[in-house]
Number of protein chains: 2
Amino acid sequence: MRQEDLQQMRTLRLFDGMAESYVESMLRASFLQRFPARVELAREGEPADFLHLIIDGQVEVYASHHRRETTVSILGPGQSFILAAVLLDRVYLKSARALSPSRILMIPAEAVRQYFERDVHFARSLGIELAIAYRDIVKELKNQKLRSSLERLANWLLARNTETGASGRFALPFDKKVLAARLGMAPEVLSRSFAALAAYAVSVDGSSVHLQDIDALRKVAHPSAFIDDPAT
Amino acid sequence: MRQEDLQQMRTLRLFDGMAESYVESMLRASFLQRFPARVELAREGEPADFLHLIIDGQVEVYASHHRRETTVSILGPGQSFILAAVLLDRVYLKSARALSPSRILMIPAEAVRQYFERDVHFARSLGIELAIAYRDIVKELKNQKLRSSLERLANWLLARNTETGASGRFALPFDKKVLAARLGMAPEVLSRSFAALAAYAVSVDGSSVHLQDIDALRKVAHPSAFIDDPAT
DNA sequence: CGACCGGTTGAATGCATTCAAAAGGCGTGG
DNA sequence: CCACGCCTTTTGAATGCATTCAACCGGTCG
């Protein structure tokens, strides 16, 4: 790892409050890897060998079973994945692939477990990280089971709008195909849902979206803090 | 709390390795409550005030939104719920109700957070508990999104059979209505699914189930270690 | 130019929900 | 002990949301 990269890694939230010498030693054992788009970063069923931390890029986390596939989440810089498997020393329950060229900090599972036992601050960070991940997936389960696909799309648009400054205009951060997977629907359904939302002043041109009547959109979406609000 | 109850609480897995004085102090602040069936133990949207630990009884964890409701899990003795909300000091994302008369150990959220910071062993227990809960819900998400209701039922039957000694005969641990909710389907669908499984030598009489051809059932179910195996 | 990929649109199918009604089980009160 | 009523479960039928298959458009790349 290069000196300036190391410097950046040291400041990761995950290491907050941790003894410096521990951080150093963990980082020495870790790899900062670059991956091209479409590469598989982890495969369901394999033993957890590294905790993955996204420094740069987008990663799709998904699971397969019996010729079907479902996207669980799409992660970006600052987020980690497969933490639970690492902590418990079990196999991955999900696979992950890079959606864009990515830089991933890979911390050996063994080291994670070791310092989890050894350093309160690190244990605390991991616990909080896990708790957040847990709540995120609960929200996703609710999103999937309590909403129609039209509602899921509407809420995603509202959330994305808020996230990007609430200007009413933003670009889709990935292909519609991927968005469809993220929202748990076939691409065809996403297409039809966008069409249906035109009635609520949602206009889409390629990847640029314009929400011209947020209130109308909220009425279809029925947003809920307990599903959509990342800070809740 | 009575002396003998206290004694029992002290041996909880959650407290393994924890300094005795800490355990004592946590338990002194806690309540061992009895609840009749159907009582609501936690409500979505309320601030997390207690970590709940089931000593006795069955608890249904569910979430509501916009006049719909979905069951997230059904828990029994030894399992805790709403740990993530307690740790992060956020509101509950799910509600919980007692399915049967239950005894619940309620540990004040404040105390949980305090000892989480203070005691490595406790932090470790919580981390592991959270990691397991996380993986369970990932499995549930996969179960829901990658399977038909017939498959979900078939797999549940297989798992339950294994759990109860693989004799091919067992009783449903709760009403079919509740089972339907647990499996994410309407009661009507459960009924029809049972009827459909008769073709695979599954016979049901009231709450007693008899699986007469496990292999046939496995063929419909397509069980997967990464969804169904509690130890994976 | 032709092939391919992402996206859209149309049509058919299917799984599951919903509404409705009837049958079976269980407990309560007369 | 029986009758009644409530709740669970089953069965039937209609509806609907979403998947799947298929065809088509437009842009990009070899």
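Treat the numbers as computed from the prediction; the structure is a model and nothing was measured. Note on naming: letters A, B, ... go to the chains in the order of the sequence lines (proteins, then strands), and numbering restarts at 1 for each one.
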Please report the distance, rounded to the nearest Å, between CZ in B:Phe194 and C1' in D:dT11.
16 Å
Tell me: CZ of B:Arg67 to C1' of C:dT17, nearest whole Å?
18 Å
Are B:Glu129 and B:Ser80 close enough that a side-chain donor and a side-chain acceptor fall under 3.5 Å?
yes
D:dA18 phosphate, OP1 or OP2: any side-chain N/O from A:Ser149 under 4.0 angstrom?
yes
Which whole-number value in Å describes the distance from B:Leu150 CG to C:dT17 P?
13 Å
What is the distance, rounded to the nearest whole Å, between atom CG of B:Leu146 and atom P of C:dC15?
16 Å
Nucleotide D:dC17, atom C1' - distance to CZ of A:Arg152 in whole Å:
10 Å
Check ion pair B:Glu140-B:Arg182 (N to O, under 4.0 angstrom)
yes
A:Asp229 and A:Lys139 ion-paired at < 4.0 Å
no
d(CZ, B:Arg38; C1', D:dC6) in whole Å:
12 Å
Does the structure place the NZ or CZ of B:Arg97 under 6.0 Å from the centre of the six-membered ring of B:Tyr62, at an angle of no more than 45° from the ring's axis?
yes
Length of the CD-P vector between B:Glu69 and C:dT17, whole Å
14 Å
Residues from residues 168-193 of chain B sitting under 4.0 Å of DNA chain C, heavy atoms only?
B:Gly184, B:Met185, B:Ala186, B:Glu188, B:Val189, B:Arg192
May I ask you to say whether A:Arg34 pairs ionically with A:Asp56, meaning some side-chain N is under 4.0 Å from a carboxylate O?
no
Does one side chain, of B:Asp136 or A:Tyr134, offer a donor that lies under 3.5 Å from an acceptor on the other?
no
C:dT18 C1' sits how many Å from B:Arg68 CZ, rounded?
11 Å
